[in-house]
Amino acid sequence: MEYNFIEIEKKWQKFWADNKTYKVDTDSHKPKFYVLDMFPYPSGAGLHVGHPLGYIASDIYSRFKRLKGFNVLHPMGYDAFGLPAEQYAIQTGQHPAVTTEKNIQRYREQLDRIGFSYDWDREIRTCEPSYYKWTQWAFLEMFNHWFDNKTSKAQPIDMLISIFEKEGNTNINACCGEVSSFTAQEWNSMTELQQADILMQYRIAYLGETSVNWCPELGTVLANDEVKEGLSLRGGFPVVQRKMRQWQLRVSAYAQRLLDDMEDLNWTDSLKEMQRNWIGRSQGAEILFKAGHQKASYDITIFTTRADTIFGATFMVLAPESEWVDKLTSDECREQVDQYLVLAAKKTERERIAETKKMSGVFTGSYAINPFTEEKIPVWISDYVLAGYGTGAIMAVPAHDSRDYTFAKQFDLPIIPLIEGCDISSESFDAKEGIMCNSGFLNGMSVEQAIPAAIDEVERRALGKRKINYRLRDAIFSRQRYWGEPFPIYYKDGIANPIPLDSLPLELPEVDKFLPTESGEPPLARAEKWTYNGYPIETSTMPGFAGSSAYYLRYMDPNNSNSLVSKEANSYWRNVDLYIGGTEHATGHLIYSRFWNKFLYDIGYVCEKEPFKKLINQGMIQGRSNFVYRVKGSNKFVSLNLKDGYDTTEIHVDVNIVHNDKLDIDAFRAWMPEYSSAEFILEDGEYICGWAVEKMSKSMFNVVNPDTICEKYGADTLRLYEMFLGPLEQSKPWDTNGIDGVNRFLKRFWRLFFKEGEFSVSSEPADAKELRVLHKLIKKIESDIENFSFNTGVSAFMIALNELYDLNCNKKEILEPYTILLSSFAPHISEELWRLMGNEGSVCLAEYPKYIHEYTVEDSFEYPISFNGKLRFKLNLSLKLSKEEIEKAVREDANTMRVLNGLTIKKIIIVPGKIVNIVC
RNA sequence: GCGGGCAUGGCGUAAUUGGUAGCCGCGCUAGACUUAGGAUCUAGUGCCGAGAGGCGUGGGGGUUCGAGUCCCUUUGCCCGCACCA
């Protein structure tokens with residue numbers, strides 16, 4: 001009987017679906033295990049072979065854990081809100097819900113063919129009202145909470161109000177916007193609007209005016225992680241900074257906790273490092289400088305991590321957007337300053353970044369007093385200082401900061417070296433090392449000593465205080481788009497009010513067009529009756545990360561209509577034990593999700609403070625393009641190794657009509673009409689194609705659809721091959737050159753169960769050699785899966801199969817456990833063979849094979865000579881032993897003899913102290 | 001510029017974690033069975049050499065009885081961050 005993978009795979013996929021083989025429930029006496037994939041955005045292009053890489057790995061792990069007796073939660077869903085569907089809608093007028101639905105169906109079909117063990121009853125889609133009800137709910141919870149710095153945790157806003165009513169805000173230490181202090185009486189005498197404005201400064205989800213990334217092309221604001229090098233991640237359009245009033249999430253309040261709790265996570269160091277950089281904690285001090293011109297004087301606070309260099313602060317710089325700019329600009333300089341501000345505002349982020357080498361700036365006309373040197377130093381404005389970081393103002397120390405140095409050189413400002421022996425003739429000395437000089441009381445100290453000493457002095461003289469700054473900023477949460485979650489907020493008399501929970505979900509309304517209105521309002525403003533009790537509803541929608549921030553919680557209890565997740569479900573499933581996905585979410589989703597989880601933890605909603613215990617980043621699969629070489633001016637194509645003799649043009653050819661770099665000539669002629677009469681110059685009767693590794697994309701003709709592989713080789717081969725390709729975390733090109741080997745392995749495995757076309761498995765007991773093969777395999781597979789070393793795992797299956805062929809073994813005692821082990825990797829073929837062996841119930845739920853046989857010294861068998869006839873043992877020998885003594889020790893060592901029994905020792909290689917190599 | 005990672009046959013990779021480098025697979029060579037084979041099976045396959053043997057983990061140096069693995073240095077690739085004061 002042939003290995004008919006098409007039939008087998010179809011049969012078992014249907015069986016698993018019909019019988020809900022992979023359905024899981026919370027009420028179980030088994031230990032839980034939660035394995036999660038980063039759910040996909042269902043794009044119109046469908047899945048290519050790169051997408052399932054992580055899914056296959058997580059599926060193998062899930063199946064393995066299930067075999068080991070765990071109750072495994074392994075769900076899948078779709079991150080279905082997003083820009084591409086909306087842009088498609090704008091172009092075609094088709095509702096994004098329609099295209100999204102279509103794409104999801106396609107994804108589902110493709111996923112189903114690969115044989116994943118998902119519990120599809122738990123599928124979620126972020127664009128469904130029953131799901132986004134809970135996204136809206138979480139937003140309202142954030143709206144109704146504030147962050148208490150004293151306890152470092154979210155607290156209800158009602159509690160804040162009652163404190164205000166009793167004692168004002170003087171005793172409150174909150175993470176909030178700019179609020180001046182007030183007493184209880186002052187609070188109580190405020191209007192409703194005034195109170196609402198103040199409360200807004202405290203809320204965790206708040207409406208606030210800040211400098212935002214505005215993308216004119218997309219017509220929306222973007223979060224920091226959606227912008228890279230001044231361009232939008234989606235589409236690559238320029239982004240400018242603009243002051244806008246937007247909904248924001250106070251992620252920055254959680255900066256320290258996000259940092260601290262990372263310690264216990266089982267994530268890669270590089271990913272943790274990325275998050276650390278993104279959070280960007282820096283320790284320093286805020287220092288007060290008096291500054292002003294003839295007409296007025298102000299206190300300006302700056303932030304610095306190098307308080308030790310204050311004696312070298314020879315000027316001050318303000319960000320163009322700084323609120324001090326207006327105040328410190330003198331009348332004489334007003335005109336130039338205004339010109340500069342206009343110029344700076346027009347620059348895109350990208351231009352700003354590009355101008356690192358050349359700096360621009362303008363003098364304000366004001367001077368500040370360096371509090372340590374008492375010198376008068378000029379105050380400048382330049383866009384190399386960012387408004388959003390620190391206080392938007394710096395003390396410039398050109399001798400020890402490269403940016404200040406460039407600026408000082410350009411505008412001819414004084415540079416004072418502060419470290420003995422440093423050379424600042426051509427560049428600044430940025431290193432934090434050396435002995436201080438020109439620095440008053442700090443002279444003679446090392447930099448390390450001088451930093452705290454300087455801050456102590458600052459604090460003693462009440463010029464400022466120690467301060468920790470974070471690069472992490474609050475997340476801009478509004479998008480001026482249609483295809484997202486509506487905000488459950490309505491406006492009454494200028495006050496933002498929550499739409500109560502029992503009116504949720506607030507469903508996305510129908511609109512006639514998906515574009516902004518003529519007056520520039522977001523598309524939702526087109527909706528008829530977009531009101532609540534007659535009051536207008538917020539017209540922005542939430543960003544992509546809103547729906548993906550808590551989806552892992554929803555899987556625990558996907559159909560609950562009373563709660564995001566029930567207490568019972570949450571306390572059973574707790575958090576994700578294994579999360580697999582790409583690194584591209586390091587600073588977006590993985591930060592937001594952690595923040596979201598921590599907030600829900602604070603309000604007592606979830607029981608774990610971190611969402612994802614272990615995280616694996618699968619590598620990207622790149623495309624491997626193939627080329628043909630057309631002789632210029634003809635329809636002749638020359639094979640790779642002969643092309644040097646001709647003047648040729650390199651042309652991408654569809655990789656699906658190339659096999660092992662050999663072109664299928666007939667398929668090529670049929671591929672495009674212009675090649676139908678193509679002629680070929682062959683080498684050894686073949687046309688060999690050139691190749692290159694490129695991004696997988698349609699235009700390079702190197703996209704491989706997993707369906708194609710499933711048709712040709714079957715899903716089991718696809719699964720094994722993707723794992724065999726190399727280490728999971730490594731990026732690699734998709735290269736089908738080796739797929740035949742893996743396919744051959746499955747065919748060989750299949751044949752092991754058949755004799756002359758008949759299914760034939762022996763029920764005789766296995767002998768020691770055969771058991772050894774099995775036990776070696778069990779041990780290896782177990783450790784490989786636990787270490788996510790799936791490539792060597794596949795190899796181990798192949799090695800064991802070779803050995804079984806050598807032993808001519810078809811015994812059930814060996815083949816049955818082998819089949820169970822293989823079922824994690826190749827479930828379809830395993831299921832078929834499992835049933836043919838006469839078993840009831842799915843192999844996927846079978847009992848994990850255990851060691852059924854322990855070796856003892858009495859076991860006598862020849863050691864399989866798979867180490868090229870050489871064995872190596874560790875023995876506890878001392879240097880002083882003679883060769884004979886060592887030989888004797890080897891012979892007497894029980895562990896060694898157990899394996900050596902029955903073999904003749906030919907040679908012993910001795911390395912004194914540790915190791916003995918034995919050739920038999 | 002800063003931070004992290006990698007470098008092993010013609011190719012993808014492996015190496016019991018400091019112990020005879022090259023497992024497994026691809027490809028290739030030869031053979032068997034075949035009308036045929038993108039099927040199957042057998043043998044071989046790091047490099048040089050007829051052979052004995054020698055040389056080999058990007059280059060150079062070091063530690064060690066012993067280094068692909070540890071340390072220093074250098075080169076080349078990949079990834080992340082980038083005016084964050």
Side-chain angles (χ1 to χ4, degrees), chain A residues 2 228-229 268-278 280-282 284 302-307 309 313 317 319 352-357 359 382-386 388-397 400-404 406-407 427 430 469-473 583-584 586-587 617 619-620 659-662 664 691 712 720-721 724-727 729-733 735-745 747-748 751 780 783 789 791-802 805 866-868 870-874 879 907 909-919:
Chain A
E2 278 295 295
K228 214 173 177 183
E229 288 171 9
T268 59
D269 290 338
S270 72
L271 197 87
K272 285 187 184 178
E273 192 57 28
M274 270 193 233
Q275 290 218 340
R276 267 185 222 113
N277 288 341
W278 189 258
R281 182 185 199 269
S282 61
I302 59 99
F303 174 74
T304 181
T305 54
R306 292 294 302 273
T309 61
V317 189
R352 205 164 148 153
I353 291 164
E355 286 171 13
T356 314
K357 292 281 173 284
M359 284 190 169
S382 172
D383 61 8
Y384 84 90
V385 174
L386 303 176
Y389 184 78
T391 60
I394 62 155
M395 67 173 198
V397 186
H400 302 289
D401 182 285
S402 53
R403 297 149 301 178
D404 298 345
T406 314
F407 195 81
E427 58 179 0
D430 290 11
N469 249 319
Y470 299 92
R471 206 182 77 107
L472 183 73
R473 290 193 240 167
T583 1
E584 66 272 19
T587 51
N617 293 117
M620 275 227 278
H659 193 261
N660 288 357
D661 290 335
K662 289 170 197 151
D664 180 335
W691 61 273
K712 205 162 169 186
L720 282 168
Y721 188 59
F724 186 67
L725 222 41
E729 308 196 50
Q730 194 174 298
S731 284
K732 54 226 154 190
D735 177 358
T736 48
N737 281 346
I739 199 165
D740 290 315
V742 169
N743 188 236
R744 200 168 293 149
F745 157 72
K747 286 194 267 191
R748 254 161 72 84
R751 277 204 307 275
K780 181 82 171 114
S783 76
S789 183
N791 54 331
T792 56
V794 177
S795 293
F797 281 116
M798 293 176 173
I799 294 167
L801 184 65
N802 288 343
Y805 264 97
S866 62
F867 295 101
N868 295 329
K870 295 161 195 169
L871 304 171
R872 190 170 61 229
F873 299 102
K874 292 200 182 192
L879 278 160
K907 195 168 134 195
I909 304 162
I910 301 151
V911 181
K914 288 176 189 167
I915 291 291
V916 177
N917 297 314
I918 302 165
V919 180

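Values below: all heavy atoms of this structure, side chains included; hydrogens, waters and symmetry mates excluded. Here is the naming used below: chain letters follow the sequence lines, and residue numbers restart at 1 for every chain.
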Fill in: Side chains of A:Met620 and A:Thr583 in contact at under 4.5 Å (non-hydrogen atoms)
no
Item to complete: Please tell me if the side chains of A:Asp404 and A:Ile394 come closer than 4.5 Å, counting only heavy atoms from C-beta onward.
Response: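 SC-SC contact between A:Asp404 and A:Ile394 confirmed.
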Worksheet item: Taking for each residue the nucleotide of RNA chain B bearing the nearest heavy atom, is the 5' side occupied by A:Met274 or by A:Asn737?
Response: A:Asn737
Response to the item:
Assign each of A:Asp735 and A:Met798 the nucleotide of RNA chain B bearing its closest heavy atom; nearer the 5' end lies the nucleotide of A:Asp735
Check every strand shown and say whether [X] touches a base, only sugar-phosphate, or nothing at a heavy-atom separation below 4.0 Å.
X	answer
A:Pro733	nothing
A:Ile394	base
A:Lys732	nothing
A:Asn802	sugar-phosphate

Could you write out each protein N or O paired with an N or O of nucleotides 37-43 of chain B at a distance under 3.5 Å?
{"unit_1": "B:rG38", "atom_1": "N2", "unit_2": "A:Lys712", "atom_2": "NZ", "d": "2.8"}
{"unit_1": "B:rU40", "atom_1": "O3'", "unit_2": "A:Arg751", "atom_2": "NH2", "d": "2.9"}
{"unit_1": "B:rC41", "atom_1": "OP1", "unit_2": "A:Arg748", "atom_2": "NH1", "d": "3.2"}
{"unit_1": "B:rC41", "atom_1": "OP1", "unit_2": "A:Arg751", "atom_2": "NH2", "d": "2.8"}

Which value, in whole Å, describes the distance between the [atom1] atoms of nucleotides [N] and [M]?
N	M	atom1	result
B:rC41	B:rC33	C1'	8 Å
B:rG19	B:rG3	C1'	35 Å
B:rG18	B:rG66	C1'	8 Å
B:rA85	B:rG4	C1'	24 Å
B:rG38	B:rG44	C1'	22 Å
B:rG59	B:rC77	C1'	15 Å
B:rU57	B:rG9	C1'	10 Å
B:rU69	B:rA21	P	13 Å

Practice prompt. For A:Ser282, enumerate each residue passing the side-chain hydrogen bond (donor to acceptor under 3.5 Å, both in side chains) test, keeping only those at least two apart in sequence or located in another chain.
Written response: A:Tyr389
Worksheet entry | Counterpart residues, side-chain hydrogen bond (donor to acceptor under 3.5 Å, both in side chains), relative to A:Ser783 (two or more places apart) | none
Worksheet entry | Identity of whatever pairs with B:rA50 - Watson-Crick or G-U, under 3.5 angstrom |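 Matched B:rA50 with nothing under the 3.5 Å cut-off.
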Worksheet item: Under 4.0 Å between a side-chain N or O of A:Ser282 and OP1 or OP2 of B:rA85?
Response: yes
Worksheet entry | OP1 or OP2 of B:rG4 under 4.0 Å from side-chain N/O of A:Asn277 | no
